[in-house]
Protein chains: 2
Amino acid sequence: MALEHAILVSLAEKSASGYDLARRFDASIGHFWQASHQQIYKVLGRMEGDGWVESELVAQGGRPDKKVYVMTPAGRDELELWTSKATPIEHLRSEFAVKLRALPFGDFAAIVDDVRVRRRAHQERLAYYADSAARFYPDPDDLRPDEIGGWLVLRGGILAEETGIVWCDEILQRLDPEGTER
Amino acid sequence: MALEHAILVSLAEKSASGYDLARRFDASIGHFWQASHQQIYKVLGRMEGDGWVESELVAQGGRPDKKVYVMTPAGRDELELWTSKATPIEHLRSEFAVKLRALPFGDFAAIVDDVRVRRRAHQERLAYYADSAARFYPDPDDLRPDEIGGWLVLRGGILAEETGIVWCDEILQRLDPEGTER
DNA sequence: CGTTGCTGTGCAACTACATGCATAACCGGT
DNA sequence: ACCGGTTATGCATGTAGTTGCACAGCAACG
């Protein structure tokens with residue numbers, strides 16, 4: 001139910017076409033809420049029906065026309081209403097955790113490999129976040145009010161990835177102590 | 001796609017009825033993979049069709065009959081096959097993160113409240129996990145092989161909740177420094 | 001001159017999951 | 001005698017999201 005609101009936030013920052021939004025979801029926002037372009041187009045249609053956004057067809061030289069969506073006052077009201085209500089607590093849902101519990105019944109070596117792959121993925125994302133933080137927020141002690149949200153989200157990502165690495169290391173320590181020390 | 005496998009893991013540990021499984025999902029397993037009883041019954045039906053499980057009707061004095069499901073050799077093969085394949089990396093999906101990015105456009109006080117609610121939820125779950133760890137794994141340096149998976153999953157939960165609390169504290173420090181110090 | 005890749009929008013089919021409802025018997029309390 | 005709770009199984013409907021496919025023009029590369 002949050003895709004609508006993620007789109008509203010994005011449009012509040014800057015009006016955009018569905019294609020633009022899809023790219024934003026591939027980049028910054030998408031690290032915390034993924035959406036395919038198909039899904040975005042579908043939801044944008046619904047949002048226009050609800051009066052939260054309006055679209056304008058913009059012709060472009062050479063390139064295909066695009067529909068630029070703009071948030072309406074009704075959309076801004078909806079966004080504020082949404083922030084005023086409590087966020088339902090989302091609990092973990094980890095296929096990886098299920099796999100760990102399957103350890104006694106499964107392929108031990110493959111699972112250990114899986115942990116290593118996972119650790120690498122965490123490290124890569126951590127590096128990406130650290131880089132983003134350094135680039136977009138070089139001085140985190142002196143942020144503009146409109147920067148605080150983005151910074152805090154990035155911090156959450158960094159903390160989560162660091163924790164993921166710690167967990168993987170604990171797992172590897174248990175399952176393959178020699179391989180870990182090497 | 002992992003509900004089938006979560007059920008297989010659970011049945012590998014002990015045969016059970018749909019009702020029993022639903023209760024297990026409410027308790028231990030469910031902290032990392034939730035499922036309603038409706039969903040469980042539906043998936044059990046499909047799994048029986050695929051030959052991964054077999055059911056036997058058991059009459060009970062007084063109480064309603066129950067269908068006890070037992071994992072078949074084909075089910076065990078499937079479980080092992082599943083563990084041998086890499087787990088797709090699941091990325092974060094946090095409505096809460098979206099809400100943080102909505103800070104400049106939303107209800108500031110309500111969002112701060114939301115962080116506090118969230119922090120409390122993390123603390124409660126952390127306490128629950130810590131309690132489970134103390135009760136079921138009193139001596140974590142000396143675990144039986146079949147206990148390692150459960151222990152590691154619990155460790156993951158503990159690490160995740162601790163990180164959640166740290167994140168909430170960072171957020172409150174930024175958004176409401178006076179309220180935090182009090 | 002063909003292939004690949006980017007920009008741009010969208011439909012159709014399917015799956016997983018949530019929500020609401022239905023049924024049925026037994027047990028304990030007021 | 002009625003009410004609520006527990007055990008036990010399931011259907012029916014709806015929604016969010018995934019996957020696959022389609023169309024269209026332009027640019028760059030070999």
Original post:
Is any side-chain N or O of A:Y41 closer than 4.0 Å to OP1 or OP2 of C:dG10?
Top reply: no
Original post:
Using a cut-off of less than 4.0 Å, is there contact between a side-chain N or O of B:R46 and OP1 or OP2 of C:dA16?
Top reply: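 Yes, within the criterion.
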Distance, rounded to the nearest Å, where [X] contributes [atom1] and [N] contributes [atom2]:
X	N	atom1	atom2	value
A:D20	C:dG8	CG	P	6 Å
A:R63	C:dG5	CZ	P	19 Å
A:Y69	C:dG8	OH	C1'	12 Å
A:R93	C:dA16	CZ	P	12 Å
B:K42	C:dC14	NZ	P	16 Å
A:R24	C:dG8	CZ	P	12 Å
A:I40	C:dT9	CD1	P	11 Å
B:Q34	C:dC17	CD	P	10 Å

**OP:** Check B:H31 against B:D26 and note the closest heavy-atom contact, atom names and distance.
**Re:**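 Residues B:H31 and B:D26, closest heavy atoms: NE2-O, 4.4 Å.
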Original post:
Would A:F96 and A:W167 count as a close aromatic pair, with their ring centres under 6.0 Å?
Top reply: yes
Original post:
When the aromatic ring centroids of A:H91 and B:F32 are compared, is their separation below 6.0 Å?
Top reply: no
Subject >> hydrophobic_cluster_shared for A:V70 and A:L21, side chain cutoff 4.5 Å >> reply: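 Unlinked, A:L21 and A:V70 end up in two clusters.
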Original post:
Are B:E90 and A:R118 ion-paired here, with the side-chain N under 4.0 Å from a carboxylate O?
Top reply: yes
**OP:** Sugar-phosphate means primed atoms, P, OP1 and OP2; the rest is base. With that split, encode nucleotides 19-24 of chain C 5' to 3' as B, S or - using protein heavy atoms under 4.0 Å.
**Re:** BBB---
**OP:** Carefully, step by step, assess B:Q34 and B:F25 under the rule side-chain contact (heavy atoms from CB on, under 4.5 Å).
**Re:** CA-CA 6 Å; B:Q34 305 80 42; B:F25 273 83; over 6 Å; no
**OP:** Examine the side chains of A:H5 and B:E95 and answer whether a donor and an acceptor come within less than 3.5 Å of each other.
**Re:** no
Original post:
Looking just at side-chain N and O atoms, do A:K99 and B:T87 make a donor-acceptor pair shorter than 3.5 Å?
Top reply: yes
Subject >> A:Q123 CD: over 12 foreign heavy atoms closer than 6.0 Å >> reply: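 For A:Q123, atom CD is crowded (more than 12 foreign heavy atoms under 6.0 Å).
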Original post:
Taking 5' to 3' order, which nucleotide of DNA chain D is first and which is last to have an atom within less than 4.0 Å of a heavy atom in chain A?
Top reply: D:dA16 to D:dC26
